[in-house]
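First up is the structure itself, then whatever we jot down about it.
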2 protein chains.
Amino acid sequence: MMAEENNIESREAQIAISSRVRLARNIDGIPFPTRMNAGQDETIINRVWESISQSSEAVSKNLVLMKIGRLDPIDRQILVEKHIISPDLGESKRESAVIISRDEKISIMINEEDHLRIQCIFPGMQLDDAWQLCNKLDVLLEEKIDFAFDKKLGYLTCCPTNVGTGIRASVMLHLPALGMTGYIRNILEAGGKIGIAIRGIYGENSEASGNMFQISNQVTLGQTEEEIIANVKNVASQIIEQEKLLRRELYNQNPYRFEDRIYRSLGLLSNARIMTAEESLKLLSDVRLGVDMGTIGGINMETLNEMMLVTQPAYIQRLAGKTLSPDERDIRRAELIRSSLRND
Amino acid sequence: MMAEENNIESREAQIAISSRVRLARNIDGIPFPTRMNAGQDETIINRVWESISQSSEAVSKNLVLMKIGRLDPIDRQILVEKHIISPDLGESKRESAVIISRDEKISIMINEEDHLRIQCIFPGMQLDDAWQLCNKLDVLLEEKIDFAFDKKLGYLTCCPTNVGTGIRASVMLHLPALGMTGYIRNILEAGGKIGIAIRGIYGENSEASGNMFQISNQVTLGQTEEEIIANVKNVASQIIEQEKLLRRELYNQNPYRFEDRIYRSLGLLSNARIMTAEESLKLLSDVRLGVDMGTIGGINMETLNEMMLVTQPAYIQRLAGKTLSPDERDIRRAELIRSSLRND
C-alpha cells in the first residue's frame, strides 16, 4: 500500500482547478450584437482596442488583439478548447475579436452575445484575484467608453439573465469521488435551489467527462459583485469538503479496490495505442485523483493539466501540424499521453 | 510501430505449449480400481514402486513416490494445477499415489480410473519424445508386471474408450487469433469428425480461459501408437498454420488496433492491484501473443509460462504459505504478476 492515511490528510487536495470571473458590458448607443448594423461590429472592435492602447495602466501593455476571422479554424478551435473564447465566438459570422494577455489570464471577447465579455481566469481557488483583475480592466475601459447602464437595473446586457452586475463568477472543480458514487446528482439539484449552477464541463455524463464541474452564480441582480463571489466561493468550499470526505471514505472502504482503479487507469494511459477523447478524460480523472491522494507518485499535476488539453481535437492537430481524421487523432492522442507520462 | 512484418515472419511462433502422452494400464488378475477389494489398492502401489526400484534403467533413478493421502490439500491441488495428477486422483478415497520425476516430465498415477496411468509431458511440440519416454517406462514396468492384455483387443482398460493401445496423445496449443475471431468454433466441430478432440484447458469459454486448447486423439483401437501420434501431430500442425495465418491477418488489418489490445493487457497486468484468475488468463493470452509476434520485447516466454500457474488458486496459496480467501488471492495474484513483469 503506497498511500498511508497520514499522507492523505497532510496533502491539500487540488480539487479546484481554476477560478474565473467575467463581466458582460455593452457600449451605450450601439444596438446589441444580434441587432447591430453592418460596420458597427468593426467600430466596436476599434473603440475597445483604442481604449486599451491609450491606457497608461501596466496591465494594458501585455494585451494583444486577435481578429477571429483571421485565425485559421484550428487556432480558433484551440482558443475554444482552452476556454479563452466561447464556441459561439469561434463560429461567429460578425466581425469579432478577442484581446488576450500573454499569460492567457485575461481574455476580452468582442461582439459575442454582448459587445464585451471581460474574462479573467486564475489557477486554483483565486476568485478574488480574478475579480480584482476584471474590475481593473472594467474601470480602465470605462474611462474611455460609456457602457449601457440603467440606474435601477445596473449594466444592461443582451440576455436578461446577465442584467445588473453582468458578472459570472465560476470555479472549475475536479470531483471524481462525487462522480464515481453518483452523489454529484444531489449536489447538482441542490445548487439550483440556492441560485448556483453546477454543470459538467465536457458534457452531462460526469464519468465520461472526467468529473470536471463548473460552479457558478445564476443571479446577477440584487447583489453586489462581492456578495456574488463570496456566495460562489462558499458553495465551492462546501462541495470541496464533501469531495474530500468522500475520497477518504472510498479509500478506507477498500484501499485495494481504490488503488486498483487508479493504477488500472494509469496502466491504460501509459500503454494504449488508440485512445478516444472520452476515454482519456475518464482515465485522467482517476490518475489526477491518485496523484492528489498520494497513491501515485512521480507524476506532476501540471503534466496532468496539460494532458487535459491533449484530450481535445484541435490541440492535437496543432501539435501534429496538420488536419487529422478522428481515427488518426485517437492514435496521436495515445502517443502524446504515453510520452507525457514517460517524461514525468 | 514496434513490430515490422519481417519480424513477425522470421519468428517461430511458440504456439505449441506442451506435448503429452499417457498410457492406461491395468495389472492382470486384479479388478479395476472401481471394483477393487480393500487392500488391493495398497498392493498395486507396492508392486509398481518395487518394479521401479528394482529396475536398472537410468530413468528409474530419478523417480519419487508420493502417496496422495499424505499430501496436504494445497500440495495435492498444486499437482492438479500443474497437470501432474488428475482432479479425480487428487480427490480419490482409495489409497492412491503418483510417481514423479524430479523434472516433472514423468508422472505415473496409481489407482486413478486404471491401475496405472503412465504420463510424459514435454515442452513445445515434442510428441515423439514424450511417446518414446512413455514407451520406455511401459517396457520397464512390463518386465516385472503382467498387464491385462487381450490378443484381439489389446490392453484392457476400465473405460472402453481407452481399450487397445491405451494411449492418449495430446498437444496444448495457444490459439488467441482463432479464439478472438471465433473461428475456433469451426475447428472444434471439424476435430470431432476426424477422431480428434479439441477442448479448452481452463473451461469452455475460450476467451476467458486464455485461449489454451488441448488437441488429442479420441480413438485408441485399430491404429498403432505411431499412427495415432502422427495423426495428432498432423492436426495440431494444421491448426498452428491456421493460427499463424490469422495472426498475420489480424495484425495487417489494423496494426494499431492489434498493438492497442496487446499493450492495454500488458498495462493492466503491470498495474492492477486486484486480479481474478479469469482476467489474468485472458490478459496473459494477449501478452503471450504480443511476445510471440514481436510486438512486445523484453518479456521472457518462460516468465509467461510460470505466470499461467500464478493464475491458479493453490499455487498462490503455497507461495503465500497460508490459506487465502478468494479476495486475498486476487490481491496476491496481482502482486505476483506485477513482480514477475518487473523482474523481466
Side-chain angles (χ1 to χ4, degrees), chain A residues 1-3 250-276 278-280 282-284 286-287 289-291 293-299 316 320 324-342 344, chain B residues 1-3 250-276 278-280 282-284 286-287 289-291 293-299 316 320 324-342 344:
Chain A
M1 196 99 330
M2 291 182 65
L250 273 179
Y251 181 86
N252 290 335
Q253 259 171 24
N254 192 334
Y256 283 104
R257 192 168 306 277
F258 185 89
E259 295 198 351
D260 186 56
R261 175 178 174 137
I262 304 281
Y263 273 101
R264 280 173 180 259
S265 293
L266 179 62
L268 291 176
L269 283 172
S270 5
N271 284 280
R273 261 54 184 168
I274 300 175
M275 186 156 292
T276 64
E278 195 176 330
E279 185 185 16
S280 63
K282 187 176 163 294
L283 298 176
L284 281 169
D286 286 342
V287 171
L289 173 63
V291 171
M293 302 260 304
T295 306
I296 300 177
I299 296 179
I316 287 184
L324 299 172
S325 71
D327 281 355
E328 289 168 333
R329 288 205 293 268
D330 290 348
I331 290 169
R332 194 62 75 120
R333 182 178 295 111
E335 279 172 15
L336 289 168
I337 291 173
R338 289 202 311 280
S339 99
S340 292
L341 287 172
R342 261 199 310 275
D344 240 33
Chain B
M1 195 96 335
M2 292 181 66
L250 272 178
Y251 180 86
N252 289 335
Q253 261 172 23
N254 191 333
Y256 283 105
R257 193 168 306 278
F258 185 89
E259 295 198 351
D260 186 56
R261 176 179 174 138
I262 304 281
Y263 273 100
R264 279 173 182 258
S265 293
L266 179 61
L268 291 176
L269 282 172
S270 5
N271 283 281
R273 263 51 186 171
I274 300 175
M275 185 155 293
T276 63
E278 196 177 329
E279 186 184 15
S280 62
K282 187 175 162 296
L283 299 176
L284 281 170
D286 286 342
V287 171
L289 173 63
V291 170
M293 303 260 303
T295 306
I296 301 178
I299 296 179
I316 287 184
L324 299 172
S325 72
D327 281 356
E328 289 169 333
R329 288 204 293 269
D330 290 349
I331 291 168
R332 194 62 76 121
R333 181 178 296 111
E335 280 172 13
L336 289 168
I337 291 173
R338 289 202 309 282
S339 98
S340 292
L341 287 172
R342 260 200 310 275
D344 238 31

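Letters A, B, ... mirror the listed sequences (proteins, then strands); counts begin at 1. Here the structure is a predicted model, which is why all the values come from computation and not from measurement.
B:Arg264 pairs by the side chain to side chain donor-acceptor pair (under 3.5 Å) definition with A:Glu279, B:Asp260, not counting sequence neighbours. For A:Ser265, the side chain to side chain contact (heavy atoms under 4.5 Å, CB included) test picks out A:Leu283, A:Asp286, A:Val287, with sequence neighbours left out.
For the set B:Ile262, B:Asp330, B:Ile274, the entry with the most heavy-atom pairs within less than 4.5 Å of chain A is B:Ile274. By number of non-hydrogen pairs under 4.5 angstrom with chain B, the leading residue of A:Ala272, A:Ala334, A:Ser270, A:Gly267 is A:Gly267.
Counting only distance, with no hydrogens or angles, the side chain of A:Arg257 and the backbone of A:Pro255 share no donor-acceptor pair below 3.5 Å. Not one N or O on the side chain of B:Tyr256 forms a donor-acceptor pair closer than 3.5 Å with the backbone of A:Glu328.
Only the side chain of B:Ile331 comes within contact range of chain A, judged by heavy atoms closer than 4.5 Å.
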